Amino acid sequence: MEINKTYDPSLIEDKWYKYWMEHKFFKSVPDEREPYTIVIPPPNVTGVLHMGHMLNNTLQDVLIRRARMLGKNACWVPGTDHASIATEAKVVQMLRERGIKKSDLSREDFMKYAWEWKEKYGGIILEQLKKLGASCDWDRTSFTMDKGYYNDVINVFIDLYNKGYIYRGKRMVNWDPVALTAVSDEEVIFKQVNSKLVYVKYMLEETSNLKPQSPNFLVVATVRPETIMGDVAVAVHPEDERYKHLVGKKVIVPLVNRAVPIITDDGIDREFGTGCLKVTPAHDIVDYEIGLKNNLPIIDTLNEDGTISESGQVFVGMDRFAARKAALKKLEEDGLIEKMEDYSHQVGHSERTNAVIEPRLSMQWFLKMKDISKPALDAVMNGEVNLIPNKFINTYKHWMENVRDWCLSRQLWWGQRIPAWYSPNGEYVVAKTEDEAVEKFKSQKVEVKREEIKQDEDVLDTWASSWLWPISVFDGMENPDNEDIKYYYPTNDLITAPEILFFWVARMIIAGYEYRGEKPFTNVYLTGIVRDKLGRKMSKSLGNSPDPLELITKYSADGVRVGMLLCSPAGNDLPFDEGHCEQGRNFANKIWNAFRLIKGWTIDDSEPSQKNQMAIDWFSAKLSAEIENINDLYSKYRISEALMASYKLMWDDFCAWYLEMVKPDFVDGAALPIDNYTYNSTIEFFEELLKVLHPFMPFITEELWHLIGEREEKECIMVAEWPEAITSDPGILKRFEALMDSIVQIRNVRNERNISPKDALELYIRIPENPVSKSFEPLMMKMCNLSAIHYTEDKVENAASFISSNIEFFVPLAGKINVEDEKAKLMKDIDYNKGFLKSVQSKLANERFVSNAKPEVVDSERKKEADALNKIKTLEEQLGMLEK
RNA sequence: GGGAGUUUAGCUCAGCUGGUUCAGAGCAUCUGCCUUACAAGCAGAGGGUCACUGGUUCGAACCCAGUAACUCCCACCA
C-alpha cells in the first residue's frame, strides 16, 4: 500500500462527517443509558462563525464525544437565536438596498421579509459548525422563534404577569436612537470620550435684590448644550454658600427663554463645574429623579431617532450632535458662554449599534428581579450549580445581590410580540389572543369594541426567549412531563463566554427554578475571550479575526481544534496565534506517520524478543497511568491539560520512545520482520491512543481507525469505548525512568562532542553485572547505537562519564576527548553539588528544623545529604583521574 | 468611586492541603543531524531574585499585610 508522506485532510473530513451523519451517530433518543446533555449557546441567526464560536463549540464537541465514548447517551442540542435587534438591523439594511423603507411597510409585510431573510441566510453558522466536526443532534435543531418556542415565551410572559412579577411603567431607559429601541443596562458599554464642558450663563429673571457687584447670572457647566431646551430647573447643593441667596428665584433658560426655578438637591457635587446643575428630566437619569422629587415638568426635546422634537422649539428636526454644534454657536452669539474646557468622561454606547445611548423616558414592561432571582443566587452559592472556574462566583453573587429590574420590551417587530392589549382609553389587559383580551376587558368592566383594541407594538427582549432554552428545546414548557424533558433535564454542562454570565446564564437558572423547580444545568464552563496578538478582543468591526473556515482549509479541522485548545484554560483569555494551529496540524502529521511506520512492517511468527516484551510492558503501564491522569483532568474540566497530556503520550511516549524501541532494524537495505505479538500489541496501543485523541481530533482518528484494521459497517471510533486504565506494576515506570535518563545522558555525550549518530559507541557501567542491568542492555544498545556494553569495577580512562541513578557510566572516547573541557564540566558539577550539600547541611544543622519538621521530611534531607556526599566523592575521583 | 481577578522562562500556561514532583510543560531560541515513519521531522542544550516590599514560619512561588502594573465587572457625577 502506498501511503502519502504527509497527512492530507482535505477529502477525509467531509467524508467522515457525512458517514457519521448517515449512520445517525449524533442522534440521541431517551433510553436506559445515563444521559449526557449539552444545549448549545444558540448563536445569532445572523451570525457567521468567529473564533469565539470555534473555541466554544470545540470544547462542547470534546466533552460530548468523550461522554459518548464513555457509554453515555450523549445529546448536544443545536440551534439559533432570533436575536431581535441584530436581525432586524440586517433585514432593514437588506430592504434599504432594495429601496424599501421599513416605515413604508406594514408589520405583517415586514415580518414576511424577515422570515424570508431568515430562511435564506439564517443558520449559515450551523452549517459552518459541521466543518468543525460538531457532533450535534441536528434533528433537534431549535430556533427561538419556532412556533412552539414562540408560544412558550408568550405563555411565560402572561404567567409572570399574572404572578405579579411583570409591571408596566414609565421609566428612564437606555434608548438606542439608531436601532430605535430601548436596550438593557447590560447592553450599554461605557466608553471614555473626550468632549467639551461648556460653562453657560443662565440670566437671573429679576436682579432687583442682588448685592452690588454680584453678577446677574448663574453659570452651569454641561457637556450636552443641545438639551438646554429641556431644562426645567437649576439645582444647587443646599449648603452651598455661593448660591443660598438665590434658591427659590428663577433663571432664564437660554435658547428658549423659559423661566425656571433654582432648587436644591443633596446629590449635587459642589466641586464639579460651578456647583450648578441644569435639570433636564427627560434626558438624564439623575435629573429625572430630581424632577420627580421636586414635581417638575418633563419636557422631552428629542424624537426617538435622536433628532430635536417640536418641544425643543429650536433646531427642530436637527440631529442631536448637529444640534449641539448649533446650540454652541447660538450661545456664543448670544454671549452666554463663559468658557469651555476639555473634558473626558464615560459615555454609554449601544453594544449592538455603537450609537451613543440616550436616556429616554418611555413606557416599558419590566420584570421584578429581586424575588424571582433568589433561588438562582442560592443555587450557585450552595454549589448546586458550579461555575468553572469558580472565581466567577464572586462576580455572580455581586450581580445577583444588586440585580435591577429587567426591561423586557424592545421597540422592534422581529421577536415575540408582547401579549398586551390596549383600549382607546389606555386601559390594558395581558392576554394570549384578541378574543381573550376582549373577554378580559369585559370581566374588568371595560366596555370596548373588538375593533378598537390594539395589541402592544413592542416585542420582548431576546434574552426573554433564550432564558427558556434548556427547557423549550425539549418542549418542557408546553409538555412538562414529556419523555425528553424528563430524561435530558437538567442538562449537564453549559459552555459559554463569561460576558453573558448575567444576560443569559443567570436568567436560565432563574427560569429553570421558576418553571421546572430545578436547575437547568450542573456545570457552567466559562471560556475565555479570544484575543488577537495585541490583546484586543477579536471582533468583526476591528477586522482582526481570522476566518475560521480559512483556518480549517489551511490547517484542517483537527489542527484548528487542537490549536484552539492548546492554550485555553477555563476562564482565561486566549491570545490567538495561528502558530498553535500549525502545531495542531503538525501533530496530525506525526500521528499519520506513526501509522505509516506501523503499517509498513512485515510480520512473522517468531517469538517477541525480551527487548520488545519490556517495551510493551512499559508502554502498557505508561498508557494506563496516563489514561488515569487524563480522566482526572477531564473531571476537573482542565481540557487544555488533558489535551497536552494526550499529545505527549502520543508524541513522546509512543512515537519517540516506544516505537523507537520496537522498530525493527534494517539489514541490507530491508527492514527485518516484526513478531506477531509485538505487532498486535502495537496496533492495540495505537488504537487506544486514537481513542484518547478522538474527542480532540475526530477526523484523523476516524480515518486511521479504519485504515489500521478491517471494520464493520458501524464500527467507528466515535462510538468506540473510551479506554480503560488497567492497574499495573508501578515499579516498571520507575525503572524505565532510570533507563531513559541514562539513555538521554549517553545521547548527550554524543551530541556535546559532535559524534555522528552513525558511529557506534561502547559503554562501561561501573557495577557488577546483574540480571536487571543485563535485561536493559538491548534497549540501551538500540536507543543509543552502542556496539557493546561492559561492566567494570574500576574507573575508565579517556572516557566521558556521567552518573545516573547513583551508577557511574563511562563512554570511552579515545582521541575525541578534550581533557580541559571534561575537567571544566566536572568542576562545574562538583561546585553545584557542593552548594546543594551546603544548603542541605545547614538545614540539618538547624535544631529547630530537626525538631519541628515532619520526620519523613528530615529523613529525606538526610538522604539528600548522603547522596550529595557520594556524588561529590565520585566526581572528585573522576577529576583526579583526568589530572593524572 | 466600589468589587473581583491576574502578575512564575521570549510567548502561553501548570505548580492541588507551605518541605523529593527538585521551580515544570508546550511553543519559540540555540547546537548537531535530510539516520529508509515523519525536516509539518530526529537528538540534545540553554533560559526564571516565581511583580515589588515587609511579616508569619525551622522552612514561602504557595499563608498574611502593603505597593505597583494590567484585566474584568458594577456605578447617576453633569
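As the structure is a computational prediction, the values presented were derived from the model and not from experiment. So you know, we letter chains A, B, ... as the sequences are listed, proteins then strands, and number each from 1. Heavy-atom basis, side chains included; hydrogens, waters and symmetry copies ignored.
Here A:Val744 lies in heavy-atom contact (under 4.0 Å) with sugar-phosphate atoms only. Nucleic acid contact class of A:Lys648 (heavy atoms, under 4.0 Å, all strands): sugar-phosphate only. Counting any heavy atom pair closer than 4.0 Å across all strands shown, A:Asn852 reaches a base atom. No engagement by A:Arg750 is indicated, since no non-hydrogen atom pair under 4.0 Å with the nucleic acid exists. Contact annotation for A:Ala656: backbone-only contact, meaning every heavy-atom pair under 4.0 Å involves sugar-phosphate atoms and none involves a base. Residue-level contact check: A:Trp601 touches neither bases nor backbone, having no heavy atom under 4.0 Å from any strand. Base engagement by A:Arg585 is indicated by at least one non-hydrogen atom pair under 4.0 Å involving a base atom.
For the OP1/OP2 pair of B:C27 and a distance below 4.0 Å, the side-chain nitrogens and oxygens of A:Tyr647 include at least one atom meeting the criterion. Between A:Arg848 and the phosphate of B:C58, there is a side-chain N or O to OP1/OP2 separation shorter than 4.0 Å. At least one side-chain nitrogen or oxygen of A:Asn586 sits closer than 4.0 Å to the OP1 or OP2 atom of B:G41.
A:Asp867 approaches A:Asn806 most closely through the heavy-atom pair OD1-ND2, 4.2 Å.
For A:Lys590 against B:C38, a side-chain N or O and a base N or O form a donor-acceptor pair under 3.5 Å. Between the side chain of A:Glu660 and the base of B:A43 there is no donor-acceptor pair of N/O atoms closer than 3.5 Å.
The nucleotide B:C76 finds no pairing partner, because no Watson-Crick or G-U wobble arrangement with both distances shorter than 3.5 Å includes it.
Of the possible donor and acceptor atoms, none in the side chain of A:Arg561 sits under 3.5 Å from a partner among the backbone N and O of A:Met697.
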Discussion item. Run A:Asn629 and A:Glu626 through side-chain hydrogen bond (donor to acceptor under 3.5 Å, both in side chains) and show every step you take.
Written reply: CA-CA 5 Å; A:Asn629 178 32; A:Glu626 283 306 314; 3.2 Å; yes
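A:Thr227 pairs with exactly one of A:Arg320, A:Lys278, A:Arg324 by the side-chain hydrogen bond (donor to acceptor under 3.5 Å, both in side chains) rule, that one being A:Lys278. Considering A:Val232, A:Val279, A:Thr264 in turn, A:Val279 is the only one that fulfils the side chain to side chain contact (heavy atoms under 4.5 Å, CB included) rule with A:Ile290.
Comparing the C1' positions of B:G44 and B:C63 gives an interatomic distance of 40 Å, to the nearest angstrom.
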